[in-house]
Protein chains: 2
Amino acid sequence: MAKRANVASDELDARKATILQAVVAEHIDTAQPVGSSSVIQSADLGVSPATVRAEMVTLEREGYLVQPHTSAGRVPTDKGYRYFVDHLEAGVLGPAEQEQIKGFFKRVRGEVEDVLEQTSTLLSQLTSYTSVVVNTAHAHATILSAQLVNLDARHHLLVTVFSDGTVVKHSVKASFDASHLDVAEASKQLNALLLGTTLESRVQVPSRADNVAKLVRESVSVLRAEQPTGEDEQVFIGGSSRVAESFDGVETVRQVLSILEQELLVVSLVEDILDRGLSVAIGSEHGYEPLSSCAVIVAPVAIDGESIGVVGLLGPTRMKYPEALAAARAVSHHLVRHFGGEVESE
Amino acid sequence: MAKRANVASDELDARKATILQAVVAEHIDTAQPVGSSSVIQSADLGVSPATVRAEMVTLEREGYLVQPHTSAGRVPTDKGYRYFVDHLEAGVLGPAEQEQIKGFFKRVRGEVEDVLEQTSTLLSQLTSYTSVVVNTAHAHATILSAQLVNLDARHHLLVTVFSDGTVVKHSVKASFDASHLDVAEASKQLNALLLGTTLESRVQVPSRADNVAKLVRESVSVLRAEQPTGEDEQVFIGGSSRVAESFDGVETVRQVLSILEQELLVVSLVEDILDRGLSVAIGSEHGYEPLSSCAVIVAPVAIDGESIGVVGLLGPTRMKYPEALAAARAVSHHLVRHFGGEVESE
DNA sequence: TATTGGCACTCGATTCTACCGAGTGCCAAC
DNA sequence: GTTGGCACTCGGTAGAATCGAGTGCCAATA
């Protein structure tokens, strides 16, 4: 993709890289601008502060660093963070955290939803960032049962059970009064029709004009009428209170929280990042300005190449990338194991 | 309850009351300590500041007011707020808000859950406080359908549809391998057994020892095994980002958010207030210290005396009680109308 | 006896100044 | 290319001065 050395500011020589990485690491740690001397202390390249300063001028010109004001240390830009995470050797998880994850997955019981909900809490506790767990499984799951229940003459409820253990209901409103028998018959036909199919597969609906056929047609169309995105996914957000710690400035906190309230938006944010092949989106890299001081980490949860969900973390741009990445990946990995071979609901 | 005038600091003479109310109103408005002169301006009792000051000393001694420091105005205590809301004449809603609510309920479509979710957003927008909507309906609803679906030989899913349009699932784990036929038979029996019953009513389970009967028994017991509280309620929280605006001090914000994350806790908080016959709980009146700078407003949603839910608002103790109370009541009222006569799911 | 105007006093908030020091950019020397 | 030296910048902190809103108290008043 990148041309080659020439214009491409894609690569830095070893010393610049070391300096940049030192600055980023230090700033993540202290939240303070980093000066040339502290770089010397943490990374020991055998050079003087003056040399580091000279390099930092270059790094600033190339957009990796900025000075909050003259005569202060430097702070990484989004581009700086980007370089940092791109050149990160695989992070490791502390043994305590590994144990916590293992223990958690040994312990959890209950419906898929409960497990995922608790997983998102776990992930947030592990990292002290806000976590997002998205379940996309049942888009690909096969239907185990479809049943039409009538609430009153014109209102019915289509209840669909998927092979991943999720249950989905849809209101079906008829334009005519249907008898109990009609509904029961429609229910039977629906079940036969949809059994073993997925939301994506084509089915042959009856074209007759009787009430039963109408009900069947209406039900199938309601079931298929999936919203563009996010509507058929489940989202679990854990540790939203962490937002308060992660950012300074009430307004920023408010904006981030307000984004988190819109679950559809969170889903598309996370999936968008994944679609672009990234595992981290920093600052303005995802399109949402209110999140410009955030970084988002994502890790796909996939069984045999089939994506069944996403886990994500949202924190300040100066988040602890190695740990957070490791945690997200570990949890994703354990989720796969947990839901992998066996039936998902346990 | 109160003895009589003597010790009972329960009642205040007219002038003290006016002063207290003026102080509270002013402080709610400005968030600043209120001095004697501003009391004169807003409430015109024909007396001088000096007199007001004298009264305020009394009010302070009796615990209605405090001074943040010598030579500052006064700020209401929880007790002060309590007096204020207890002596509030019924607040009214602006015509714009009324219109907004009306329009909303004319417009909403979809499952109960969606309606309630959106209602909580509405309530939060109306008041600019965080809102809570709790659905307790299906505890009293009758069962329209119960179905057992098998995921694999030992794992089954009990899917129950209630008359209020909610659908609940429970995992049923068997200690033996059941055939498809067994499960189908058990499902049929379960449906016949549970149809028309509520979660509270007693049913006669088969005592036979065959697989089908075992499945039926296990299913019924799983369905009945309701958690002490909160587990069978649905909670919808809207506008949690408002927390960031409502409180100063990152730590307070964090704590409140962290409470809001625990939905069970929120349910019991809200129901507890309701059980105690209150419609407002101020500061330390509800038992949760992390919420000591919060006030919680609740309004029951009841059809024919049967509680089907609660709507609530959470804001700072200096919240706009009249408006917030009016909004909560109006929304509760409209919810009753919306779900009242007709079938709940529409 | 309740009310009031007058007055000294308190104390947080604001402003201003001085100053410290971390950190820079530049440059001449190595 | 690297370095030590140096003047310079500028945010942050501390202290002093000031302001003013608001109080508590008291003697005078109706």
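Reminder, nothing fancy here: chain letters follow the sequence lines and each chain counts from 1.
Ion pair B/D272/B/R276 flagged as a salt bridge, since at least one NZ, NE, NH1 or NH2 atom sits closer than 4.0 Å to an Asp/Glu carboxylate oxygen.
The distance from atom CG of A/L45 to atom P of D/dG1 is 17 Å, rounded to the nearest whole Å. A/M56 has its CE atom 16 Å from the P atom of D/dT3, to the nearest Å.
Other residues, nucleotides and ligands contribute at most 12 non-hydrogen atoms within 6.0 Å of the NZ atom of B/K320.
Protein chain B contacts DNA chain C from C/dT3 to C/dG12, reading 5' to 3' and using non-hydrogen atoms of the protein with a distance under 4.0 Å.
Summarising the geometry of B/L93 relative to B/A327, their closest heavy-atom pair is CD1-N, 3.6 Å, with the distance given to 0.1 Å.
Of the possible donor and acceptor atoms, one in the side chain of B/T130 sits under 3.5 Å from a partner among the backbone N and O of B/G239.
Taking only side-chain nitrogens and oxygens, B/S71 never comes nearer than 4.0 Å to OP1 or OP2 of D/dA21.
No hydrogens or angles considered: a donor-acceptor pair under 3.5 Å links the side chains of B/E261 and A/S241.
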